[in-house]
Structure formats: C-alpha cells, structure tokens
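Here the structure comes first, spelled out in structure tokens, and everything after it is commentary.
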There are 2 protein chains.
Amino acid sequence: MNIGELARRTGSSARSIRHYDKAGLIASHRRDNGYRDFGDEAVPQVMQVARMIRLGFSLEEISTFPPCMLRQVTNAVCPDALAAHRERLAEVDRQLFDLARLRERLLTVLDANDSPLPSTERAPHEPS
Amino acid sequence: MNIGELARRTGSSARSIRHYDKAGLIASHRRDNGYRDFGDEAVPQVMQVARMIRLGFSLEEISTFPPCMLRQVTNAVCPDALAAHRERLAEVDRQLFDLARLRERLLTVLDANDSPLPSTERAPHEPS
DNA sequence: CTTGACCTTGACACCGGTGTCAGGGGCTAG
DNA sequence: CTAGCCCCTGACACCGGTGTCAAGGTCAAG
C-alpha cells in the first residue's frame with residue numbers, strides 16, 4: 001500500500017511514517033517509480049512505534065532493537081525491548097519521585113504564603 | 001557589583017543572569033562604560049528566579065509578575081505569584097497523573113511479557 | 001491534453017534555557 | 001606600551017518529533 005493509506009490505517013501522519021521509515025523501523029520497499037510500498041505488517045509496526053513513542057521512548061532508543069521491531073506483528077514486546085521497558089520504567093519512577101518532591105516544594109511555598117497573612121515574622125528583608 | 005561577582009554569589013552563570021536581566025526580572029542599571037551594576041538585592045532576586053525556574057516556571061510566566069519579583073527580597077512569594085504557583089501545582093498534579101498512567105501501561109507490557117515464557121502462542125515460528 | 005490527487009526529497013520552524021564563540025571595549029598592573 | 005581579565009552584544013547550537021512549504025515526478029480520469 002502507499003504511504004497515504006498506511007497513514008489513514010494507523011492514525012499516524014505520512015510525515016511521521018517517513019520519519020520512522022528513515023530510521024529503519026518500518027518494513028518497506030520501493031516501487032519502480034520511487035513510491036514506498038508497504039505490506040499489511042507495516043500497520044502494526046507503525047502502531048508499535050507510535051505506542052512506544054507515547055510511552056516516552058525516543059526513536060533512537062527504539063532504533064536499538066529494529067530487527068525485532070520489524071518482525072513485530074502483535075502487541076507482545078520482543079525480548080530486546082523488554083530491557084528498554086524496564087529502564088524506561090525506572091526512568092518514569094525517577095520522574096515520579098522528582099515530581100512529587102517538586103509538588104512538596106510548591107506546597108511548602110503555598111502553605112507559607114496562603115494562610116498566614118503576617119509576612120512580618122518570616123523575614124522583612126532577610127534572605128534565608 | 002559586576003555581573004561576574006553576582007554570578008559567583010548566586011551560582012547562576014553570567015549568561016543566565018543576562019538572560020533574566022533582559023527579561024526585566026533583575027534590578028540593574030548601567031555604569032558609564034556600559035557595564036551592568038547590581039545592588040545586593042540582585043542576589044536574592046536571581047536566586048528567586050532560578051528557584052522558580054527549577055519549580056518549572058518559564059521566564060515568560062515569571063515575567064507576568066516582574067514588579068513584585070523586583071521587590072522580592074525574601075523567600076516569601078508575592079501575591080501575584082501565588083496564583084501562578086497554584087496553577088503550577090495543578091499542572092504538576094496533571095503530570096503526576098499522566099506519569100502514573102504511563103507507569104501502569106509500562107507495567108502492563110512488562111507483566112504480559114515478563115513471566116509468561118511461552119511465546120509460542122504469540123509468535124508461531126519466531127527464531128528468537 | 002489538463003486537472004487533481006498522491007508521491008518524492010530537502011529544508012526550515014518550533015520550544016526555551018543555556019553553552020559557547022566571535023568581535024569589540026574597559027581597566028589595571030607591570 | 002602590553003598582558004590579562006572582565007565586560008558588552010549578537011548569533012548559532014542543542015534537543016527531537018512533527019507541521020509545513022517548496023519544487024518536482026507519477027498516474028488515473030476526464
């Protein structure tokens with residue numbers, strides 16, 4: 001199929017699919033006229049890539065296990081990607097931790113300024 | 001004081017301080033030779049800006065309440081910034097929610113592929 | 001033939017705080 | 001005088017998936 005139909009079928013833009021293709025993440029070959037020609041297996045491939053992008057992977061990361069990406073036709077994740085998923089999970093946990101700490105800092109600022117009107121006691125002209 | 005000393009005193013780079021200054025967030029005037037001249041109050045001002053940046057505010061957001069930033073000499077937050085802090089808190093909560101959902105999705109993928117070894121049913125003739 | 005839809009590649013824009021370089025002055029000590 | 005350090009402005013790079021435009025080729029339908 002042409003790239004336009006693949007775009008319609010996957011919900012990704014043709015622009016993005018060309019991007020994935022250039023990264024070697026999609027199985028494709030060229031017709032005599034230069035057009036990309038995709039098989040049906042390209043549909044789950046594109047969706048797999050899009051899904052991993054939504055999960056926070058970069059194309060470069062995804063590119064580290066392209067052989068299995070190209071074979072991928074199901075929702076199952078190939079072994080190469082499992083380690084990446086675990087790393088990504090750890091990264092997400094780090095972000096959750098940082099964000100929670102950030103939230104605490106925001107709450108601290110708000111608590112210190114929200115209820116107590118008298119700012120006099122805190123420091124009229126002193127940096128802490 | 002010159003920008004170099006202010007940089008040393010605040011821990012921010014001179015480059016960043018010029019950036020903040022251009023945004024009108026730091027009280028400064030120019031000497032005859034064109035050099036910026038900062039007073040002692042610039043130290044907490046720069047640190048306040050840096051702190052808000054670490055809290056995830058953009059310079060543009062901070063610029064929406066510069067009058068109070070310029071007066072700011074304490075750790076207390078001026079009223080103008082309170083609303084921004086609340087919005088920021090809401091944003092952080094959204095991010096926490098999204099991240100938690102992301103984490104669930106990652107766990108789902110891992111759970112579905114981690115324990116169950118029999119990839120046979122998923123991929124009939126896979127040369128793993 | 002023309003029209004129009006679809007395809008190709010290449011390149012720029014975006015976001016935004018920061019690093020870094022280039023080119024030019026100021027100022028002080030020797 | 002020079003050496004050396006500090007300052008000035010302006011501009012480019014970065015990151016990375018995506019939108020968008022330009023300029024051109026392909027091809028089926030009328």
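Letters A, B, ... mirror the listed sequences (proteins, then strands); counts begin at 1.
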- prompt: Centroid-to-centroid, H29(A) to F38(A), below 6.0 Å?
  reply: no
field: Nearest-Å distance for atom pair CG/C1', residues L25(A) and dG17(D)
entry: 13 Å
message: Using a 4.0 Å heavy-atom cut-off, does Y20(B) contact any base of the nucleic acid, only the sugar-phosphate backbone, or nothing at all?
response: sugar-phosphate
statement: To the nearest angstrom, the CZ-P distance between R31(B) and dC6(D) comes to 15 Å
5'-most by nearest nucleotide on DNA chain C - F57(B) or A14(A): A14(A)
query: Any salt bridge between R94(B) and E91(B), counting N to O under 4.0 Å?
result: yes
query: Backbone N or O of S12(A) within a donor-acceptor pair of the S16(A) side chain at under 3.5 Å?
result: no
- prompt: The side chain of I53(A) lies closest to which of these nucleotides: dT18(C), dG19(C), dT18(D)?
  reply: dT18(D)
query: Is the phosphate of dC15(C), meaning OP1 or OP2, less than 4.0 Å from a side-chain N or O of S58(B)?
result: no
NZ/NE/NH1/NH2 to OD/OE distance under 4.0 Å, R9(B) and D40(B): yes
- prompt: For the side chain of R18(A) and the base of dT9(C), is some donor closer than 3.5 Å to an acceptor across the two?
  reply: no
- prompt: Does N2(A) or R15(A) map to a spot on DNA chain C nearer the 5' end, using the closest nucleotide for each?
  reply: N2(A)
field: Heavy-atom donor-acceptor pair, Y35(B) side-chain to dG25(C) base, under 3.5 Å
entry: yes
Spacing between I17(A) atom CD1 and dT18(D) atom P, to the nearest angstrom: 10 Å
- line: E60(B) CD to dT18(C) C1', in whole Å, measures 18 Å
query: S16(B) side chain N/O closer than 4.0 Å to the phosphate oxygens (OP1, OP2) of dT18(C)?
result: yes
query: To the nearest Å, how far apart are H19(B) NE2 and dC7(D) C1'?
result: 19 Å
field: Atom-to-atom span, CZ of R54(B) to P of dT18(C) - whole angstrom
entry: 10 Å
message: Is there a side-chain contact between R31(A) and R36(A) in this structure, where contact means two heavy atoms from C-beta onward sitting under 4.5 Å apart?
response: no
message: So, does R36(B) get its side chain near the phosphate of dC7(D), meaning an N or O under 4.0 Å from OP1 or OP2?
response: no
- prompt: Taking only N and O in the side chain of N33(B), is any of them less than 4.0 Å away from OP1 or OP2 of dC27(C)?
  reply: yes
Distance in angstrom units between D32(B) CG and dC27(C) C1', rounded: 14 Å
- line: The answer to which of E5(B) and K22(B) contacts DNA chain D further toward the 5' end, by nearest nucleotide, is E5(B)
- request: Select base, sugar-phosphate, or nothing to describe what R30(A) touches, counting heavy atoms under 4.0 Å on all strands.
  value: sugar-phosphate
query: Whole Å only: how far is the CD1 atom of I3(B) from the P atom of dT18(C)?
result: 13 Å
